[in-house]
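Read through the structure below, which is laid out as structure tokens, and then see the notes.
When a ligand or atom number is given, it counts from 1 through the structure's own listing order.
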Amino acid sequence: MKIKTLLGALLALTSSTVMAAQQQQPIAIAIHGGAGTIERSNFTPEQEQQYRATLKQAVEAGYKVLEQGGESLDAVTTAINLLENSPFFNAGKGAVYTYDEGHELDASIMDGRNRQAGAVAGVKHIKNPINLAKDVMQHSVHVMLSGEGAEQFAKQRGYQLIENSYFDTESRYQSLLKAKKRLQQKQAASKDYQAAHQQLDSHYKMGTVGAVAVDKQGNLAAGTSTGGMTAKRFGRIGDSPVIGAGTFADNRSCAVSATGHGEYFIRYNVAADICARVAYQGKSIAQAGKEVIFDTLQPIGGTGGVIIVDPQGNISMPFNTAGMYRASKTSKTATKVAIYAE
Ligand code: ASP
């Protein structure tokens, strides 16, 4: 009897210790809707309000998943799905146009528990590419699937393939026409497509959405979804589906989702580099993010930004452009939504 009582007391103590530990684990989520030449003069007050409302809705939907004890992976996909479904952002509905006037989408996701990852590149008929990236991670033996193969896999998983025209929006079409005109002018001058594209204004190369989160178990996750770069050609793939470049998560350091001129983010392995500085140099996410975005990328013309979360629920969102659509909510801080540099 006495032993039973003792055992009962021990059990109660252990579970209350576990509960206390879980209660102490902060939860946090941050999202972005792209970085670039985003200035107050680009918006009417109503438009700005709509962007802010969508960001708020997405971050709070993701936070709710965490609050209810859900996994950071699900918080990330919940927030990203809302941004993919909104025509305001360059992911899912509202994705930018390729040179050939279609849409090719990229996405990736990473699980900080075990560094499992999934990605899709150049898909044309998937409404929410981040969900397919998660399925690649959880239901295939691969990390990245591309194009038609990725869509065959989607069919096997029961996805309805949709018309590419679902992603159309008039404003993105007008951007394509402008971008093509600029490209033709620059190409006529330099006779070189690559050089002309390099000179294209940076806002044609941005708009991606992403989310990072830490859940009640202390598990980190990161996800990114994009239409890529306006007027992209030749099957161009950006950084967003590249693990380590556009997306990275490891419980021992941090979770990162990037937005910006993808070629630079691939070459400088941006997301993984930030977390490596945290893991190996013991830097804070704020310091590591600042070093990579401002000290490494900015001097060489790599425009963009990142959102970062660490296991303690700290958030950092550095960017070297005029603005970055962003929002965050943690168990210590209320919802914050911002667009411009502050
Ligand atoms: N990084 C994306 C790409 O290069 C674009 C963006 O972030 O807006 O495809």
Side-chain angles (χ1 to χ4, degrees), residues 30-38 42 51 55 80 83-84 86-99 102-109 119-124 129-130 133 144 146 167 169 171-172 175-176 179 194 197-198 200-212 222-248 256-274 292-293 297 300-308 317-326 339:
I31 63 170
H32 70 77
T37 37
I38 308 167
N42 301 352
Y51 275 93
L55 289 166
I80 291 181
L83 299 172
E84 286 176 330
S86 159
F88 298 144
F89 302 100
N90 171 23
K93 177 78 185 169
V96 297
Y97 284 78
T98 63
Y99 193 87
H103 309 274
E104 293 173 7
L105 310 165
D106 304 331
S108 68
I109 192 161
V120 292
V123 293
K124 297 180 184 165
I130 194 70
M144 190 191 285
S146 70
F167 303 109
T169 50
S171 64
R172 297 289 188 202
S175 293
L176 173 71
Q194 302 299 339
H197 214 289
Q198 189 70 23
L200 201 61
D201 297 348
S202 65
H203 72 268
Y204 291 115
K205 299 170 182 163
M206 295 180 192
T208 300
V209 309
V212 293
T224 312
S225 180
T226 190
M229 189 187 273
T230 304
K232 63 186 182 180
R233 288 175 97 174
F234 313 123
R236 180 262 184 192
I237 306 289
D239 60 311
S240 307
V242 178
I243 296 301
T247 303
F248 189 78
V256 177
S257 169
T259 171
H261 193 158
E263 279 67 9
Y264 290 86
F265 282 68
I266 294 174
R267 289 166 51 215
Y268 284 83
N269 198 32
V270 166
D273 187 6
I274 291 172
V292 174
I293 296 301
L297 287 182
I300 48 137
T303 47
V306 288
I307 50 173
I308 320 169
M317 305 195 268
F319 53 95
N320 62 27
T321 47
M324 179 167 84
Y325 299 107
R326 60 200 187 280
I339 299 180

Based purely on interatomic distance, does Gly262 place a nitrogen or oxygen under 3.5 Å from a nitrogen or oxygen of ligand 1? yes

Pick from Phe319, Phe88, Phe89: which one makes a ring pair (Phe, Tyr, Trp, His ring centres under 6.0 Å) with Tyr325? Phe89

May I ask you to say whether Arg236 pairs ionically with Glu104, meaning some side-chain N is under 4.0 Å from a carboxylate O? no

Check each atom of ligand 1 against the heavy atoms of Asp239 and keep those under 4.0 Å away; list them by number with element. 1 (N), 2 (C), 3 (C), 4 (O)

Applying a 4.0 Å heavy-atom criterion (strictly less than), which segment of Ser240 is in contact with ligand 1: side chain, backbone, both, or neither? side chain

Test of understanding: given a 4.0 Å heavy-atom threshold, classify the contact between Arg236 and ligand 1 as side chain, backbone, both, or neither. side chain

Taking only non-hydrogen atoms of Thr259 and a 4.0 Å limit, the atoms of ligand 1 in range are 6 (C), 7 (O), 8 (O)

So does Thr226 get a backbone contact from the side chain of Asp106, meaning a donor-acceptor N/O pair under 3.5 Å? no

For Gly34 and ligand 1, answer yes if some heavy atom of the residue is under 4.0 Å from a ligand atom, otherwise no. no

Nearest to atom 5 (C) of ligand 1 by heavy atom, Thr208, Ile266, Val209: which? Thr208

Could you tell me, atom by atom, which parts of ligand 1 come under 4.0 Å of a heavy atom of Gly260? 1 (N), 2 (C), 3 (C), 4 (O), 5 (C), 6 (C), 7 (O)

May I ask you to check whether over 12 heavy atoms, not counting those of Lys93, lie within 6.0 Å of atom NZ? yes

Answer whether the closest heavy-atom distance between the side chains of Leu55 and Ile31 falls below 4.5 Å. yes

Heavy-atom pair with the smallest gap, counting every atom of Val96 and Thr230: CG1-OG1, 3.5 Å

